[in-house]
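What follows is a single structure, written as structure tokens, with notes after it.
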Amino acid sequence: MSFKQSKFDEKEIELKSVAKSKDEPKKPPDVPPVGVLEIFRFCDGFDKLLIFIGLVSAIGAGVAFPFMFFMFGTMTQYFTNYISPFPIPGLTDEMKVDILWKGIMEFVWKLCALGGGLWVSHYFFVTSLNYAAERQVLRMRQLFFAAVLKQDIAWYDTNTTTDFASTMSEDLNKIQEGLGEKIGMFFRFFVTFLVAFGISFYQNWLLSAVLCAVVPLLIILGGVFGMIITSFSKNELSVYSKAGEMAEEVLSSIRTVIAFGGEEIEVERYSTEIKVAQRSGMIKGFLVSLTMGLMFGLMYGIYGFGFWFGVKQVMDQRETPEFGECAINCILNNTSDADIQTCLTECFDFNPGTVATVLFGILQGGMQIGQSSMFVEAFNTARAAAGKIFKVINRQSLIDSSSFEGIHPDTIKGNIKFNNVFFNYPSRPDVKILNGLSIDIPCGKSVAFVGSSGCGKSTCIQLIQRFYDPESGSINIDGIDIKTLNVKWLRENIGIVGQEPVLFDCTIRENIKYAKLDATDEEILKACKEANALDFISKLPNKLDTMVGEGGAQLSGGQKQRIAIARALIRNPKILLLDEATSALDNASEKSVQTALDNVQDGRTTIIVAHRLSTIRHADLIVSFENGQVKEQGTHAELMKNEGLYHSLVMRQMTGQIEDFEKENSEKSFSKQLSIMSSEEEQVIFSPEKPKAVKKYGNIKILKKLFKMNRPETGYLIFGFLCSAAFGLTNIAFAVLFGDVFSIFVKEPEPARKEATLIALEYGALALYTFLCMLGQGSAFSVAGERLTQRLRVLMYKAMLRQEIGWYDLEENNSGSLCSRLSSNAQSVQSATGVKIGQICQSISALVCGLGLSLYYNWKVGLVSNAFVPILVVGMLYQMLLFTKHSSVQKKALESSSKFAIEAIKNIRTVAGLGCENMFQDLYNKELIKPHKKTLKQSHVRGIIYGFANSTFCFAYAVCFSYGGHVYTEDLAEYPPEEGRIMEIWKIGIGVLSGAMMIGMSMSFVMDFNQVFEAAEIIFTLLERNPKIDSSRSAGLLIPEINGNIYLENAEFSYPTRQEVQVMKRLTMSIKNGEKIALVGQSGCGKSTIIQLIQRLYDVENGNVMIENYDIRQLNLPAVRSKLGLVSQEPVLFNRSIAANIMYGDNARSVTMEEVVTAARAANIHSFVAALPNGYETNVGGKGAQLSGGQKQRVAIARALVRNPGILLLDEATSALDTESEKIVQDALDAAQNGRTSITIAHRLTTIVGVDTIYVIDKGQVVEFGSHSELLQKKGVYYSLWNASATH
């Protein structure tokens, strides 16, 4: 949904258009990805140099890597020649040893050189490309944020804040990932593929051609694997996203959910939603394991086929006459032993060495091209993300606040004129808001706009700020069309205070300085004093340097409003716009603030939008709006005399005010009472410093708890562990077969063919074995993991919804944090009992068997090879960690700047109105520098580690072969060449080192066990927390009837987060069945607290809350709450249909549509709903945003009535409404109270004149009570409040 408009929305018309198009949502057109070269448009010369160095280094690494396969083939040929039993005249065993040793040392030194080259080349390409990417993306972040801030408000209406959040944090990260090392990795892998295939075809073209016919299957399976991951992950994320939105809506509206007993229904809805994701995850797990099993199985099958075909090639050639002649000529024509050996090797077109080279080259090269696809995908993802980013950067704003163009007049008087203005919002072009509006507003005068919601008042406020331009007509200031004025200059001369003021997450001082960057402390204090904010600010611990929290959450509504007023006044504007500036204040605060506003209007052009008409009766000009036109205008006296629209609005608000009191006495009385009531110190909610988390469970205990939670899937887990351990043996089996196969080449053709066939079958068996192991472990762990995740999510959600409200009040338990825990913590432990333990089993199995194999064949070589295992493990571990952790580190590093930017974008109207875009841009840029420098430094570390990880195995094989060659050639009596035991070096090397690499890769996944334990600690702490207020259906006493007899006796209470502030001080109050009572008093006196104690959202610290003569703490809480109907000042509606929202009033049963309609009629909303195209099935939008304030209130009343409550709780149910809506809603409330006990909280005292008893609350105590007339006769606190309301 687009950014929420202010009260200017023509809500009923808008809702009809929304309902009409409900089934045909308009999706914005997809933005095409940018071109391959265009994505580098923000490169400078240094970046281009870095990219060049990076690509050349990546290509160098890609060229170097395949030569290792060639060296393996050459070494294999040396081994085969060494163990050959065929005698060569004059070639002794000692000569064979010399030839072999020279070959081994040549192999070792080349391998070390190759390792060094790979290390250096990987360092350069990883560091250079990451360095260049970080520099480019920094510019993109800065330019994107600057471009977003300068866009016109009309653009924001069609772009959601969530889009910006994901763009700031995700899309730019995707670009950075795609522009960095992954480009180099693609070139590295692709060049490796080309060179490996080139060498293979050069060495043995026939075997290479045969294998190439099968390799495409590997590539296809790799592609299928990627498609499965992408497709199912998107589906899974989509479902979890929907479930997350559902949870966020519920958790952010927890008081409403609790009030209507919706906990169990919400858990059921959430559970149903994530079961879809569970099924998708299990299918994904099965398909992934199936594909991976096929890939690994096929790879081993190809090895078997390749060896069989290679043996066939060599044996077939050995039987040819040409080979015999060549061998004889070699012996006759060469005298040197080495020359004879070399000549005999050249007699083979296809020798054992070429077979080894081709098998390694084709299979590993094929896997390289398969792996390169994911880097292409990353680059394409970056291009797609850049498409959205560049589109915003390229867009020229229609109203650009950063532009220097336009007139900058030296002075401004403040004459404003609307000339035949027509306007509709760009997001709703079919709804006319202003229809030929013409108004003259003289400078220095105060002008009030009045009228019902949607008539165009607030639209005029926004047009004056030039948030939009009229469709036709013009708006002039001092005779100059505002379109020709510089936008920034215009807004700097305007002060704005809205109904819902936006404060930023910084100090009070910084919030005020947003309007004037160079403001001095004296100016700030003066503005605060004028706004009546200095008193409460001076009582705060840090005074002006007090943090206000996100959205000003640490302040009350009145305090936020006064800071907003101070912010508007500090720039000493010539034009002051007050859009419902005092609507959120109680009578005492409103009187004080209104007086301040009246004083600061002198010498300024002031435009006031107000629903409380008593606040604008002294305005110089009052303009009545109707249907986007001026219905009438004049002074208060003139308009009252005309008895037109304004007169009718005033009379509606005055209805119920009786008796004429002496103004002088009432004002004196009020002043005296105000001084008494204002002496109470205003409180700001501050969370105490959080103690360091104490670890409740040990890691072993957590693991036991997780296994216990996963107990229903024990069979799956055991099967998965067995398959994992079995899979760990595959590399050992491959090593044994690999070592055996080359012994075949020195045998006679017939037995060699038979053994080759047997080896091929053994490889086939290994392929099937591998496939079954991978399929078994993947499928089993997928089922166990998904079920555990689903179970934990539901249990966590259920545990959250059963907690008391005091728990939600804690800072760490805000709805955003809870949703994050709900998703991330459950996901973090998903693999703890399955995949991660399986990885450990697999690695231990591989390492132990590799160690056993090496010691079995040769304990000396085995020990030396195993000594290199820790180094190799560390190398592989770091490599895998770099792949898996870099993006999360990057996101965390940018969290501060992204959060800061998103806060500005979400509140763009305030930012634009204050003209502080450049300030936000500078602060954002400053926030980016620290993570930018950190990332540049990390790119060097990343390059070194990545190079180390990709070169370590070269050094490891060098040590293994050099020492192994020494051992096997030192004692020919123990290791005669013809026995072929030197091939055991291959078995030991592959077995031990591949096992070590498996340990390294596995440990990278196991290393985040710390995160698992942290997440599990949070989960089990939540699951095992006993709420202080038990709301379960099985707890407490069920009583036959709850009629509405309520008694509060000496109640004392403090909010859990503000223990030092006692809100209720021995408060006593008695409410009888069927009685209508009202609670009045200034903000913070304890009125709403009483409502919450009756709902038992909190428990009193001392005293009692009695219902039907039972202590509420002894009663069954769901039963008590089922008899309460709540309508609050800002009713929360859920993103569902109107019918579903009304049915939510009674979640203990199935509410029929007849009951819904009956409740809607009683709430005076039925006729409106019935006129909508989709009627009761019309969706109300998030928080009911598609409805006007009055419509939301009436739906909330219907929701409260559908449960037929015995007790009706009305907490400021009409305070935010305009006169027309208030009259309709008040009529509905009056009807709803008949025959019920009702408790009403109201600032507008005219709405409670007819109640049976009015309780006046001050400082947490009842200071007086009685009927309206009785309290007026007492001439006490209520008398003063009434006079303030009547004369105001």
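It should be emphasised that the depicted structure is a prediction, and the values quoted were computed from it without experimental measurement.
Once rounded to the nearest 0.5 Å, the distance linking CZ of Arg255 with OH of Tyr808 reads 10.5 Å. A distance of 12.0 Å separates CG of Asn1109 from CD1 of Ile1046, quoted to the nearest 0.5 Å. Atom OG of residue Ser1122 and atom CG of residue Leu1117 lie 10.0 Å apart, to the nearest 0.5 angstrom. Ile1241 CD1 to Asp1211 CG: the interatomic distance, rounded to the nearest 0.5 Å, is 4.0 Å. Taking CG of Leu1037 as the reference point, atom CZ of Arg1113 lies at 14.5 Å (rounded to 0.5 Å). Taking CD1 of Ile265 as the reference point, atom CG of Leu801 lies at 12.0 Å (rounded to 0.5 Å).
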side-chain contact (heavy atoms from CB on, under 4.5 Å), that's the test. Do Val1105 and Arg1096 meet it? Break it down for me.
CA-CA 9 Å; Val1105 177; Arg1096 205 188 165 200; over 6 Å; no

Yes or no on side-chain contact (heavy atoms from CB on, under 4.5 Å) for Ile1239 and Leu1079, after CA distance, side-chain angles and deciding distance?
CA-CA 7 Å; Ile1239 303 173; Leu1079 308 176; 4.0 Å; yes

Gln1095 vs Leu1124, side-chain contact (heavy atoms from CB on, under 4.5 Å): CA-CA, chis, key distance, verdict
CA-CA 8 Å; Gln1095 293 177 275; Leu1124 306 176; 4.0 Å; yes

Yes or no on side-chain contact (heavy atoms from CB on, under 4.5 Å) for Met796 and Ile1019, after CA distance, side-chain angles and deciding distance?
CA-CA 7 Å; Met796 287 176 68; Ile1019 290 171; 3.6 Å; yes

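Checking side-chain atoms of Glu1177 against main-chain N and O of Asn1174 turns up no donor-acceptor pair under 3.5 Å. Using a distance-only test at 3.5 Å, with no hydrogens or angles considered, no donor-acceptor pair links the side chain of Arg802 to the main chain of Pro1027. In this structure a side-chain-to-backbone donor-acceptor pair under 3.5 Å is present from Thr1178 to Gly1175. Side-chain atoms of Arg787 never come within 3.5 Å of backbone atoms of Asn710 as a donor-acceptor pair (strictly under, hydrogens ignored). The closest donor-acceptor contact from the side chain of Asn1073 to the backbone of Asn1045 lies at 3.5 Å or more, if one exists at all. Judged by distance alone, the side chain of Arg1161 and the main-chain N or O of His1166 form no donor-acceptor pair under 3.5 Å. Ser271 contributes no side-chain N or O that, together with a main-chain N or O of Val267, makes up a donor-acceptor pair within less than 3.5 Å.
At most 12 heavy atoms of other shown residues, nucleotides or ligands fall within 6.0 angstrom of atom OH in Tyr716. Dense packing is recorded around CZ of Arg1149, with more than 12 heavy atoms of other residues, nucleotides or ligands lying under 6.0 Å away. Residue Lys1123 places its NZ atom among 12 or fewer non-hydrogen atoms of other residues, nucleotides or ligands, all under 6.0 Å distant. Counting heavy atoms of neighbouring residues, nucleotides and ligands inside a 6.0 Å radius, atom CD of Glu1101 exceeds 12 of them.
Counting heavy atoms from C-beta outward, Gln1092 and Tyr1055 have side chains that approach closer than 4.5 Å. Between Arg1121 and Leu1115 there is no side-chain heavy-atom pair separated by less than 4.5 Å. Taking 4.5 Å as the limit, some side-chain heavy atom of Lys275 sits within range of a side-chain heavy atom of Gln790. Within the 4.5 Å cutoff, no side-chain heavy atoms of Glu1041 are placed close to those of Glu1108. Arg1199 is listed as a side-chain neighbour of Thr256, based on a closest heavy-atom distance under 4.5 Å. The shortest side-chain heavy-atom distance between Val1180 and Val1195 does not fall under the 4.5 Å cut-off. Within the 4.5 Å cutoff, side-chain heavy atoms of Leu1022 are placed close to those of Met800. Contact annotation: the side chain of Ile254 never approaches that of Gln803 to less than 4.5 Å [non-hydrogen atoms, C-beta and beyond].
When all heavy atoms of Arg1203 and Gly1145 are compared, the pair lying nearest together is NE-O, 2.6 Å. Contact record, Phe1053 with Asp1099: CD1-O, 3.4 Å, taken as the closest heavy-atom pair. Closest approach of Pro1118 to Ser1032, counting heavy atoms only: CD-O, 3.8 Å. Scanning both residues, Ala1051 and Val1100, for their nearest heavy atoms gives CB-CG1, 3.9 Å. Annotation for Tyr1255 and Ile1077: closest pair CD1-CD1, 4.1 Å, computed over non-hydrogen atoms. The heavy-atom pair separating Glu804 from Lys1028 by the smallest distance is OE1-N, 3.1 Å.
Classified by interplanar angle (parallel below 30°, tilted 30° to 60°, perpendicular above 60°), the ring pair Tyr1144/Phe260 is perpendicular.
The residues Lys705 and Glu1017 are annotated as not salt-bridged, no charged nitrogen and carboxylate oxygen being separated by less than 4.0 angstrom.
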